[in-house]
Amino acid sequence: MDTLHAPHDPLLAGLNPEQLTAVTWPAKSALVLAGAGSGKTRVLTTRIAWLLQTSQIAPSGLLAVTFTNKAAREMQTRLASLVPVNVRTMWIGTFHGLCNRFLRTHWRDAGLPQTFQILDSADQQSAIKRLLKALELSDEKFPPKAVQGFINGQKEAGVRAEALSAHDPYTKKLIELYAAYDAQCRREGVADFAELLLRSYEVLAANKALAEHYRTRFHHILVDEFQDTNRLQYAWLTLLAGRDNALFAVGDDDQSIYAFRGAEVGNMRALMHDYGIAAPIRLEQNYRSAGNILNAANAVIEQNDGRLGKNLWTDAGEGETLRLYEAYSDGEEAEFIVDEVRALKREGLSLADIAVLYRSNAQSRILEHVLVKAGLSYRIYGGLRFFERQEIKHALAYLRLMVNPDDDNALLRIVNVPARGIGARSVESLLAAGREQGVTLWQAACGSGTGNKKLGTFVLLIDRLRERAEGLALAEAISLAIDDSGLRAMYQEDKKDGEERLANLDELINAAAGFFPDDPDNALVEFLTAAALEAGEHQAEAGQDALQLMTVHAAKGLEFDAVFVSGLEEGLFPHENSLADSKGLQEERRLMYVAMTRARQRLYLSCAQQRMLHGRSSYPIRSRFVDEVPTELVKVLSSRPKPMPINQRAPWLDAAPSSADRNAAGQRSADSGGWRIGQSVEHAKFGLGVVINAEGSGDDIRLQINFAEHGVKWLDLRYAKLVPA
DNA sequence: AGGGATGCTATTTTT
DNA sequence: TAGCATCCCT
C-alpha cells in the first residue's frame, strides 16, 4: 500500500490514499462512492474507530445505520476489534432497529403502547385481509398485496392517509383503506415495518426539543449502502443531521438493485446537493477480483447512463479470461455447470467458495435436480426463515398475546390452535362483536362474559400464562407457553412433520436462553421485537462444504473464488418485466454488474437455447449483457448452432402424448414415442442436436434436427435411433 | 376440520 | 409446469 502517505497510526496503516481520505475526513458531510470490493466496510468501521480514538466524538455521539442486521453486526464486531468500546450501547443498527429503539424510549410521544408489537410483512398482509373482510370489500377488486403495496409505498414516501386525496373512486377507496388500516393498528397496539420509520420521523418532526436533543447528541451520522435508502429514510437522516452534523454516506450507485422496493438512487445526488458536497470520494481500487473480471464488469456497467461514474481497477493482474457456455437447454446448462464445479473441486477449490447465481428462484430447480443426481452437496439461499415457520409463529403468537392481548392478529392465529372448539362460526361472531363495539377481539372476548364458555377458557389460559410467566426466566416462560397452550402436545400427535416442528420449538427455547435483553424486566418484549426485526438466517447452516446457490440479489455483498452467472437470456436476465423502460433495463444491468463482481478468480457466463418457462418451452436469445462484454475477455467454451426459428408447429406435436411432456421437462424416459420441437436429442452417428421441425403422424414421423457437428437433417423415426439428450 | 379438486399466476426482498 | 390459494365436500 501507499507507505508514503500512510501515517504512523496503526489504525490507518495499510489504507490506500482514497480510503485514508475517507477515514480521516473532517467533521463534515461526505459521500463515498465505494465500488465493489473496495474495502467499504473497512472504511466505515475504521472511520468510526478513528473518530473515537482521536477523541473527536464520544461513543454516544455517533449514529451508524445499515440495512441488514448482518451488516450491523459485522460493523459492531469489527469496531470492537479496533477500539475498546462497548458497541452494544452505541447507536449502531438497522434503520428499523434504531427506530424501534427510539420508539421504545419515546412511546408516549409516539402514541404507542409501551409493549407495542411489530408486524412483519406476513402479519401485515393478514391484517389487511381482515380489514377488507370487515369492510366487505372483495379481494378481487382490492388484492391484499396491492393494498399493502399502496400503504407501504405511501408510508415510505412519508405520506399519511389524511394528506392524500384523489378524484377516482378506486384511489379514494385505497386512501380510506390506508386510514382504516392505521386505525386498526392503533387499536391493536401494533406497528408495521414502515410505521417504525414514519412514526419516528413524525415524532422528531413534531417535537422540536426532542429533535434538538438528538441533533446535539449525534454529531456524526454514518450510513452504509446509501444507494438503497428510500425517501423516508433520507428524510429521517436529514432531520437528525440538521445543518451542523456530519452525514457520512457510503454507497455505490452502480449496485443499486432495490428500486423495486422503493430505493432512491437519487438520494446520492440529493445528498451532494443538500449538503454542499462538491465531489464524492471514489474508492475504485478493487481487492477482490482479477483484472479481466473487473474490465468486463466495467464494460457492462458503462452502458448505463446517469452514473456518478467510477472505474474499478486492480493491481493484482489480469487473471483468467471469462468463460462463456451456450447450452442447448436449461438441463444441459445445469449439467455443464455441475461438471465444471466438479472439475474445480478436483483442482482444489472448496465447494463453499463456488457460487451459482441466477436471476429468479425458479431456476434453482433444475440445478438442484442435476446436483442431486451428481451427489454434490449444495446450499440454497432463500426460502423460509426460522421465525417465519408456522410452529414458531404460533408460539410467538401466544407470547405476543401475553404481552399485548389486543393483538388481534396473534389472537386469530392461535385462538383455535390447537383445536379447542372455537370454530369458524365462533370466530365470526367474535369478529362481529368486536366490530360492533369498536373494540379488539380480546376485549370482545372478555366482554362476552358467559356468552361463550370456550372463549372464556381461552382468555383464562392466556391470563394464567401471563401470571405464571411473571418472574420466570425468558426460556422458562416460553417453554411454559409452549406446553400449557397445548402446542407441544399438538405437534407430538402430528405424525407428518411434528418431530421437526418440535425440534424447532426447542430451538426457540434455546434461542431464548441465549438471549440477553438490555432490560431484564422487559425480556419478553425485547425477545419478540428481536424476532420480528431479525427473522433469522435464510437457512440453517449446511455446515459441510457445499456449493452456494442463490439469486443475484442474495449474492450482493458476498464473494466467491468462482462464480457462475446462469440463465443469461433475454427475457430472463434481463427479465422481461423490466424491459418496458430503460430504467428497468438499467437496474437489470446493475444486477449483472453485481453478479460479475462477486467473482475473485473465475467467472462463468452461461445461457441456454431452450428453456422451460411457465410449463412451456421457450427459445430465448442470448442476453445483451453477454454481448456487452468485450470479446477478447471471454473464452467461448462452446459454439453450437441455435435451433431454427419455429414458424409452424406440426399439429400432432400439440397433442403430444404424456411421455413427450416428460421428455420436454428434461427427464429421461424409456418410452421415446413423443418428441418436441426444441428438444435436445442424441444420434449415434450425428451426435447432439435439437429438434427444429416435424411432420407426419402415427408410425410415419419425420423430424428435422439441427446437429451441432453435422448441420440440419431430416430423419425418419422408423429408422433413426434417437435418444433424448 | 381437513383433503382433494380447481383455478390462477408466474422477478428480485430486507426490515 | 408447479406452487399456492381458495373452495367445496365429506
Side-chain angles (χ1 to χ4, degrees), chain A residues 65-72 93-100 118-125 129 139-140 143-145 149 152 155-156 191-198 224-225 228-230 232-233 256-263 330 357-366 369 381-383 385 387-388 416-425 427 494 496 529-538 550-557 567 571-580 584 587-588 590-592 594-595 611-618 658 661-662 664-667:
Chain A
V65 201
T66 63
F67 270 87
T68 65
N69 292 295
K70 196 176 155 207
T94 63
F95 278 101
H96 295 86
L98 294 173
C99 285
N100 170 68
I118 297 168
L119 297 185
D120 66 19
S121 304
D123 296 333
Q124 186 187 34
Q125 207 176 323
K129 278 185 186 162
D139 45 9
E140 191 114 301
K145 269 211 194 95
N152 289 340
K155 286 191 180 187
E156 279 161 15
D192 59 56
F193 287 135
E195 187 67 28
L196 295 175
L197 281 153
L198 182 53
D224 191 18
E225 305 278 18
D228 289 339
T229 51
N230 62 34
L232 179 56
Q233 285 159 341
S256 162
I257 56 174
Y258 287 113
F260 72 90
R261 65 175 198 216
D330 44 5
L357 309 184
Y358 35 79
R359 175 64 238 266
S360 63
N361 287 303
Q363 288 166 257
S364 70
R365 170 175 299 273
I366 193 147
H369 178 77
Y381 284 74
R385 295 143 95 205
F387 286 101
E388 291 168 352
N416 200 34
V417 178
R420 45 175 71 92
I422 306 176
R425 54 204 174 278
V427 172
D494 181 358
K496 205 157 146 256
T529 300
L533 289 180
E534 191 167 359
E537 288 296 311
H538 244 309
M550 66 193 85
T551 63
V552 180
H553 282 92
K556 189 170 163 227
L572 193 60
F573 196 178
H575 197 276
E576 63 177 327
N577 295 0
S578 315
L579 293 174
E587 179 143 318
E588 294 290 302
R590 292 193 291 270
L591 209 42
M592 178 68 179
V594 167
R611 182 175 298 276
M612 287 301 275
L613 221 54
H614 311 322
R616 298 215 151 276
S617 277
S618 64
S658 61
D661 290 324
R662 273 187 281 127
Q667 289 172 9

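Chain A is the first sequence line, chain B the second, and so forth, proteins listed ahead of strands; every chain is numbered from 1.
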Round to a whole Å and report the spacing from NZ of K145(A) to C1' of dC8(B).
12 Å

Could you state the atom-to-atom distance from CZ of R616(A) to C1' of dC8(B) in whole Å?
16 Å

Checking S578(A) now: which residues fulfil side chain to side chain donor-acceptor pair (under 3.5 Å) with it, not counting sequence neighbours?
E588(A)

Residues two or more places apart in sequence or in another chain: which of them pass side chain to side chain contact (heavy atoms under 4.5 Å, CB included) with D139(A)?
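Listed in chain order: L132(A), P144(A).
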
Suppose we screen for side chain to side chain contact (heavy atoms under 4.5 Å, CB included). Which residues come up paired with A530(A), at least two apart in sequence or across chains?
F515(A)

Applying ring pair (Phe, Tyr, Trp, His ring centres under 6.0 Å), can you list everything that pairs with F95(A), at least two apart in sequence or on another chain?
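For F95(A) the ring pair (Phe, Tyr, Trp, His ring centres under 6.0 Å) partners, ignoring immediate neighbours, are F67(A), W236(A).
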
Protein proximity profile, nucleotides 5-10 of chain C - base contact B, sugar-phosphate-only contact S, no contact -, cut-off 4.0 Å on heavy atoms
-S----

Where protein sits on nucleotides 9-15 of chain B, one letter per nucleotide: B base, S sugar-phosphate only, - none, heavy atoms under 4.0 Å:
-BBBBBB

Quote, to the nearest angstrom, the C1' distance that separates dG3(C) from dT14(B).
23 Å

Salt-bridge test for K155(A) and D192(A): reply yes if a basic N is under 4.0 Å from a carboxylate O, no otherwise.
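Result for this pair is yes, salt bridge flagged.
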
Q233(A) backbone acceptor or donor facing N230(A) side chain under 3.5 Å:
yes

Output, in order, the C-alpha distance, side-chain angles, deciding distance and verdict of salt bridge (charged side-chain N to carboxylate O under 4.0 Å, His left out) for K556(A) and E225(A).
CA-CA 11 Å; K556(A) 189 170 163 227; E225(A) 305 278 18; 3.4 Å; yes

Show the nearest heavy-atom pair for residues H96(A) and L533(A), with the distance to one decimal.
CB-CD2, 4.0 Å

